[in-house]
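See below for the structure under consideration.
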Amino acid sequence: MMDTPLSIVSMIERAEKLFPKKEIISRTHSGIFEYTYKDMAERTRKLASVLKRLGVEKGDRVGTFAWNHHRHLEAYFAIPSIGAVLHTINIRLPGEHISYIVNHAEDKVLIIDIDLLPLIERVKDDLTTVKAFIVMADDTELPESTLEPLYSYEQLISEGDAEFQFSTNIDENDPAGMCYTSATTGLPKGVVYSHRGIVLHSMAAGLVDTLGISESDRILPVVPMFHANAWGLPFAATWFGSTQVFPGPQMTPQIIAELLEKYKVTITAGVPTVWLGLMQVLEKGSYNIDSIRAVVCGGSAAPKEMIRKFEVDYGIPFIHAYGMTETTPLATVARLKSYQQDLPEDERLELRAKQGIIVPGLNMKVVDDKGNEVPHDGKTMGELLLQGPWIADSYYKDDRSKNAFVDGWLKTGDVVTVDEEGFIKIVDRTSDLIKSGGEWISSVDLENGLMAHDDVIEAAVVAVPHEKWMERPVAFVVLKENAQTTKDDLLHFLEHQLKFARWWLPDEIYFIEEIPKTSVGKFLKRELREIAKEKIKQ
Ligand code: ADP
């Protein structure tokens, strides 16, 4: 076979040639902006030409600090198409982490949304490698800022070369992107994506048995473009010529519902907390979102009751998927096999609440403490290891690589079971499992159990130290407005309705107004453990 390189350049050039009329819709700071792939490709060429002019060379890192919108999409393609590296920076990280990762990646240029400028201004004195800042706004006016030199994105585009030729000098293993992922302890860790990895990942996202992204789709990524490439959706969507709808800055569940309805979105993707918020909006308002053929949910476990609500009550198909920054991120998808479609509703939902089967192209194994594979019995727990062309092989210039990448496998740090059908179920992060009297308790199972109660909006369970049992579970619960449910009601529900073993039941249930979340919307268990310890002392 021919050894032709896989490159992001061919993705944008395909959209430009074959789908020039297809639309991209983008909510910006001042309203809705619509254009076509023809215009998008032209502006991408212009951006690439000005980045070159600013001195960006092959292999240089260019950071983006931005929401989901069309300009960010242009940067997604312009930067790798000149052989540079698109470094998406998580805007929700604390200042010291932002400056750490910009310096660690040695970003040469930063492209920043206008409303996010203050976050970079705050850390500017700590940045050691940045030579130029570009501000993305709806006009060419430069805002007042302490950053310098500061250029206007729109001004630069207006001076760019629409005929600029993308690089022909790209090896498929060259770096194309970078994203830092937060560690349980310590500083964030950098993951580098190759052209080859991103192209193959996009190919996988187009398979009918995974996300089945196609030209006819209208895709709205709620998952941020600063987190694991918005799960690769902008790359795949552009390559396939799908219509893209970007929700822009400061999105709320209300805004998402409006965009889903107005632009007849067919696929949308985000973490469970986003869909919990959307469910509340859907319950209050009357939105017609019948066009949706898939709500993709990942990043944290999708509670079974949430899947039931979407699938059964709203008739909206729900796809539960699993992955991590290190896996580009798509790794497993919970799609029922043909012969599972006729199972009773509850069994079907039970399977859909698992994280699913490994996508074609990747390998997995689940091993015990000694590295032996565990039986596929749906019960025995082990750590999930992954391998494949879109799985990272190290962290960028980071000693922690040696613990996570061993003998050609990524150790995910996720504890799972595998059933006879090959469906994995995440029991916990290794660091979140609760070990009570030598036996494991899954915080995820307890959370899903609590969230199955009608009065519960959100629930998080963490371990607290215990003299006799070493660790015991305690729960934090957010109740619906005016709900009168008590701790005893919930414990009774878990034990008698859901049949949890008595020793699994949380020792304490704290009712709070909101569960603290990480920068990507997951329960912030570290903080919850601290709060629980304090409460127990009182
Ligand atoms: P970060 O580590 O920066 O929070 P990642 O997206 O890289 O962000 O997190 C990956 C982790 O998120 C996985 O290792 C796993 O623990 C969890 N995760 C991702 N998808 C799911 C899912 N569908 N169900 C349960 N946990 C998930």
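Counting starts at 1 for both ligands and their atoms, in listed order.
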At a 4.0 Å cut-off, with the gap strictly under it, does some heavy atom of [X] reach an atom of ligand 1?
{"X": "T518", "value": "no"}
{"X": "P188", "value": "no"}
{"X": "P329", "value": "no"}

Next on the checklist: Within a 6.0 Å radius of atom NZ on K411, are there more than 12 heavy atoms belonging to other residues, nucleotides or ligands?
Outcome noted: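 It does not: K411 NZ has 12 such atoms or fewer within range.
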Ignoring hydrogens, just give me the one of [options] whose non-hydrogen atom is nearest [atom].
{"atom": "atom 5 (P) of ligand 1", "options": "E326, K354, K522", "answer": "K522"}
{"atom": "atom 23 (N) of ligand 1", "options": "G298, C297, A321", "answer": "A321"}
{"atom": "atom 1 (P) of ligand 1", "options": "N90, T181, V271", "answer": "T181"}
{"atom": "atom 18 (N) of ligand 1", "options": "G521, G299, A331, G413", "answer": "G299"}

Checklist entry - So which bit of D414 gets within less than 4.0 Å of ligand 1, heavy atoms only: side chain, backbone, both or neither? => result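 Under 4.0 Å from ligand 1, D414 contributes side-chain atoms alone.
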Checklist entry - Which bit of A302 gets closer than 4.0 Å to ligand 1, counting heavy atoms only: side chain, backbone, both or neither? => result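 For A302, no heavy atom sits under 4.0 Å from ligand 1.
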Closer than 3.5 angstrom, by distance alone: can the side chain of [X] be matched with the main-chain N or O of [Y] as a donor-acceptor pair?
{"X": "N103", "Y": "S99", "answer": "yes"}
{"X": "S202", "Y": "F235", "answer": "no"}
{"X": "R293", "Y": "I267", "answer": "no"}

Checklist entry - What is the nearest protein non-hydrogen atom to atom 24 (N) of ligand 1, stated with its residue, atom name and distance? => result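 Among all protein heavy atoms, the one nearest atom 24 (N) of ligand 1 is Q355 NE2, 2.8 Å.
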Checklist entry - What is the closest protein heavy atom to atom 10 (C) of ligand 1, and at what distance does it sit? => result M324 CB, 3.3 Å
Item to check | Residue pair K425, D445: steps toward the side-chain contact (heavy atoms from CB on, under 4.5 Å) verdict | outcome: CA-CA 10 Å; K425 179 167 186 267; D445 278 355; 2.7 Å; yes
Just which atoms of ligand 1 are under 4.0 Å from any heavy atom in [X]?
{"X": "H320", "result": "22 (C), 23 (N), 24 (N)"}
{"X": "G323", "result": "10 (C), 13 (C), 19 (C), 20 (N)"}
{"X": "A301", "result": "22 (C), 24 (N), 25 (C), 26 (N)"}
{"X": "S182", "result": "2 (O), 3 (O)"}

Next on the checklist: When you compare the side chains of T266 and D217, does any donor N or O come within less than 3.5 Å of an acceptor on the partner?
Outcome noted: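 The answer is yes; a qualifying pair exists.
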Checklist entry - Will you find, in the side chains of H70 and S26, an N or O donor that is under 3.5 Å from an N or O acceptor? => result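 Present: a donor and an acceptor within the cut-off.
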Checklist entry - Purely on distance, is any nitrogen or oxygen of I426 under 3.5 Å from one on ligand 1? => result no
Checklist entry - I357 and G422: which non-hydrogen atoms are nearest, and at how many Å? => result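 Looks like CG2-O, 3.5 Å.
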Item to check | Over all atoms of both residues, closest heavy-atom pair of W503 and I441 | outcome: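 Heavy atoms only, the tightest pair is CZ3-CG1, 3.4 Å.
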Next on the checklist: Evaluate D113 against H69 for side-chain contact (heavy atoms from CB on, under 4.5 Å), listing each step before the verdict.
Outcome noted: CA-CA 10 Å; D113 264 344; H69 49 61; 2.8 Å; yes
